[in-house]
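For ligands, and for the atoms within them, numbers begin at 1 and follow the listed sequence. Note that these values count all heavy atoms, side chains included, but never hydrogens, waters or copies made by symmetry.
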Amino acid sequence: MPRGGSRGCSEPAAGAVSGDAALLRQAAARHAAGALDEAEALYTRLLARSPRDANALNLLGTLHRQRGDLPRAIGLIRRAVALRPEAPVFLASLGGALAEAGQLEPAVAALRAALARRPDDAVALRNLGQALCGLGQARAALAPLRQAVALAPEAAETKLALAHACREAGALPEAIRMAEAALAHHDPDVAGQARFLLAALGRAPAPERAPAAYVRDLFDQYAPRFAADLTGRLGYRTPAALAALLRDSGLAPAPVEGALDLGCGTGLSGLALAPFARRLEGLDLSPRMLAEAARQGCYAALHEADLLDFLPRHPAAWDLIAAADVLNYLGDLGPALAALRAALRPGGLALFSVELAEGEAGGEGPYALGPGLRYRHALPALRATCAAAGLAGVAERRDVLRQEQGAPVDGVLMLLRRA
Ligand SMILES: C[S@@+](CC[C@H](N)C(=O)[O-])C[C@H]1O[C@@H](n2cnc3c(N)ncnc32)[C@H](O)[C@@H]1O
């Protein structure tokens, strides 16, 4: 989700006092230069003088959005909209902030209202398309995203967003065309994601892992809705199932000294793991997921990192390392499992879930990209990878991990010990 506002951040001011106009220009210039503290002070000074200056309210809201303080941003931008309800800039700005906060229905309403007044706002069109995709309305997302691509063909990320929407809507030839068009921009982040999408569309070999930028953006966008969506609509039960496997094994009758929740997300897994450790730490790629996790109150420390970078820097550091619904963003599990083993103290326990490829043997290779852009693994190959990494199997349980498009997702829960 783009973090900036729509094209043009201010509306022509109605009857602005000339001193106010100069102060607003000065604040906006500092803002554009990235001097957020200075810009905030100037907007605040202006608003103390003219509390009904809608442009200052909107721009100060945009500034707080850039800082990640979405409730404050939304409050300020709403005040701008209340003062100037017909102004498309403020409606688009509100829609973008609401979408980023995961409030997708009101975001769609605000973005539609903005676009009714200013139909060629490419950022608002892209935000609308992505919000509709988030609501599971990929077909409805196609028109605004196509229009956004036509209006701003230089924006590789919009092409990628359209490619994702086309894939979800079943428009596969267009999805391939758009992913290839995004790839042609030679932006390394976008290119990695475009290649990943092409692999999911059968047009390229599956890479060894999902691109970190893709995972981070996916979960940053999903963070506000994740816990409710997973535990409600998607029937997610992996954290409780992993905790049950550990409890039933009898290997953790008393809490261990230190545990690490890899890919802790919003902390659903942390809440399930907390009773098994005196000190629980969490790690995730997504800052927004970590912000939600911090509110759970079950983590003594949270780390923003890629598990493949973080684990090798912490040898023999934990007694228990868990990964609930995380390793399915990796294809080749060899490096992750070797790093996980090395980060365990001797005799330490590894506890994780993996989605299984179809059929007992899991098809042709050790892993494949599934329809949800997550990897599915073949069980025999997974067991071999664990053994090669120096992790000895203790307990294993097949289970349904969650629902996906109304169908159960089969997986396996594994408990292993550092050999
Ligand atoms: C489906 S969520 C599961 C969250 C949590 N474990 C739970 O059970 O609710 C997967 C999480 O893993 C994180 N993740 C995926 N790959 C990662 C990696 N290589 N390093 C760190 N975190 C990762 C994602 O950002 C996301 O928050």
(request) Walk me through it: do Glu257 and Arg279 pass the test salt bridge (charged side-chain N to carboxylate O under 4.0 Å, His left out)? (result) CA-CA 6 Å; Glu257 195 52 46; Arg279 178 186 162 86; over 6 Å; no
(message) Going by salt bridge (Lys or Arg N to Asp or Glu O under 4.0 Å), name the residues that satisfy it together with Arg45, two or more places apart in sequence or in a different chain.
(response) none
(request) Assess the side chains of Asp325 and Thr238: does a donor N or O sit below 3.5 Å from an acceptor N or O? (result) no
(request) Check the angle between the aromatic planes of Phe310 and His314 and answer parallel, tilted or perpendicular using the 30° and 60° thresholds. (result) parallel
Every pair of nitrogen or oxygen atoms between ligand 1 and the protein that is under 3.5 angstrom apart - can you list them with their distances to 0.1 Å?
{"residue": "ligand 1", "atom": "6 (N)", "partner": "Gly263", "partner atom": "O", "Å": "2.7"}
{"residue": "ligand 1", "atom": "6 (N)", "partner": "Ser269", "partner atom": "OG", "Å": "3.0"}
{"residue": "ligand 1", "atom": "6 (N)", "partner": "Ala324", "partner atom": "O", "Å": "3.0"}
{"residue": "ligand 1", "atom": "8 (O)", "partner": "Tyr236", "partner atom": "OH", "Å": "2.5"}
{"residue": "ligand 1", "atom": "19 (N)", "partner": "Asp306", "partner atom": "OD1", "Å": "3.1"}
{"residue": "ligand 1", "atom": "20 (N)", "partner": "Leu307", "partner atom": "N", "Å": "2.9"}
{"residue": "ligand 1", "atom": "22 (N)", "partner": "Leu285", "partner atom": "N", "Å": "3.3"}
{"residue": "ligand 1", "atom": "25 (O)", "partner": "Asp284", "partner atom": "OD1", "Å": "2.6"}
{"residue": "ligand 1", "atom": "27 (O)", "partner": "Asp284", "partner atom": "OD1", "Å": "3.1"}
{"residue": "ligand 1", "atom": "27 (O)", "partner": "Asp284", "partner atom": "OD2", "Å": "2.7"}

(message) With side chain to side chain contact (heavy atoms under 4.5 Å, CB included) as the test, pick out the partner of Leu98 among Ile74, Leu104, Leu70.
(response) Ile74
(message) Atom CD of residue position Glu208 - does it have more than 12 heavy atoms of other residues, nucleotides or ligands inside 6.0 Å?
(response) no
